[in-house]
Amino acid sequence: MKVISVKALSKYRISVLFEDGVNGDVDLSKLVEKGIFAELKDRNLFSKVYSPGYSIAWSDELEIDSLAIYAELLNKQPEDVLKSTYSYASNQ
């Protein structure tokens, strides 16, 4: 799931647009309470969100796989998104 754009919003939310048109806002407020992501409580750092393509990042060490965000926007589990994304000859 390739990210076209990502923007920081207030209250630890991000707005994301994927190449297939899926888009929306995701609340990351619970994430900033955990482990290394607690660094994102610094609003200046949080506002520096960017995407190198297939992740959403704040630095080389601080990133989220774009699949997790894509699944969140679709209200699905990442594995369910992968199942619907790929079809195999044996499934037809």
Side-chain angles (χ1 to χ4, degrees):
M1 309 316 143
K2 187 172 183 181
V3 177
I4 299 300
S5 68
V6 61
K7 182 175 120 181
L9 304 173
S10 64
K11 299 183 182 180
Y12 301 112
R13 298 179 63 80
I14 57 172
S15 178
V16 186
L17 170 63
F18 288 90
E19 69 179 344
D20 65 355
V22 170
N23 68 85
D25 300 346
V26 177
D27 182 356
L28 300 179
S29 60
K30 290 183 182 173
L31 182 70
V32 302
E33 300 297 326
K34 299 177 183 177
I36 191 170
F37 292 104
E39 292 181 36
L40 295 176
K41 287 182 181 179
D42 175 346
R43 293 193 187 271
N44 186 46
L45 177 60
F46 188 82
S47 70
K48 294 179 180 178
V49 67
Y50 67 96
S51 178
Y54 293 94
S55 67
I56 293 169
W58 291 267
S59 70
D60 288 342
E61 297 84 28
L62 197 58
E63 64 183 346
I64 303 169
D65 188 312
S66 65
L67 175 61
I69 300 300
Y70 188 88
E72 174 89 12
L73 289 173
L74 296 177
N75 200 26
K76 294 183 176 184
Q77 294 298 314
E79 59 271 15
D80 295 332
V81 171
L82 288 176
K83 286 178 192 173
S84 64
T85 302
Y86 299 104
S87 67
Y88 303 93
S90 62
N91 293 345
Q92 298 182 18

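Hydrogens, waters and symmetry mates play no part in the numbers below; they use all other heavy atoms, side chains included.
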Among pairs that include at least one residue of residues 12-22, which meet side-chain hydrogen bond (donor to acceptor under 3.5 Å, both in side chains), considering only residues two or more places apart or in two chains?
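Only Ser15-Asp25, Asp20-Tyr70 qualify under side-chain hydrogen bond (donor to acceptor under 3.5 Å, both in side chains).
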Other ILVMFWY residues reachable from Leu17 by side-chain steps of under 4.5 Å:
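Besides Leu17, the hydrophobic cluster comprises Ile4, listed by chain and residue number.
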Shared-cluster residues of Tyr50, by chain and number - hydrophobic side chains joined below 4.5 Å:
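Via sub-4.5 Å side-chain contacts, Tyr50 links to none.
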Salt bridge (Lys or Arg N to Asp or Glu O under 4.0 Å): pairs with one or both residues in residues 52-78, sequence neighbours excluded:
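Those involving residues 52-78 do not exist here.
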Excluding sequence neighbours, so at least two apart, what forms salt bridge (charged side-chain N to carboxylate O under 4.0 Å, His left out) with Lys41?
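Counting only residues at least two positions away or on another chain, Lys41 forms a salt bridge (charged side-chain N to carboxylate O under 4.0 Å, His left out) with Glu33.
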Residues two or more places apart in sequence or in another chain: which of them pass side chain to side chain contact (heavy atoms under 4.5 Å, CB included) with Ser66?
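In terms of side chain to side chain contact (heavy atoms under 4.5 Å, CB included), with neighbours along the sequence ignored, Ser66 is linked to Met1, Val3, Phe18, Tyr54.
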Are any of the side-chain heavy atoms of Leu40 and Leu28 separated by less than 4.5 Å?
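Counting from C-beta outward, Leu40 and Leu28 never come under 4.5 Å.
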Taking the side chain as everything from C-beta on, heavy atoms only, tell me whether Leu82 gets closer than 4.5 Å to Glu79.
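Heavy-atom side-chain distance check fails, nothing below 4.5 Å.
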Gap separating the CD1 atom of Ile64 from the OG atom of Ser51, nearest 0.5 angstrom:
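It is 11.0 Å, given to the nearest 0.5 Å.
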Kindly compute the distance separating CG (Leu62) from CG (Leu45), expressed to the nearest 0.5 Å.
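Here the interatomic distance stands at 6.5 Å.
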Which heavy atom of Pro78 sits nearest a heavy atom of Ala68, and at what distance?
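Closest heavy-atom pair between Pro78 and Ala68: CG-CA, 4.4 Å.
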Give me the atom names and distance for the closest heavy-atom approach of Leu9 to Ile14.
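Closest pair (atom of Leu9, atom of Ile14, distance): CD1-C, 4.0 Å.
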Counting N and O atoms only, with roles assigned by atom type, does the side chain of Asn44 sit under 3.5 Å from a partner on the main chain of Asp42, one being a donor and the other an acceptor?
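No, because the side chain of Asn44 does not come within donor-acceptor range (under 3.5 Å) of the backbone of Asp42.
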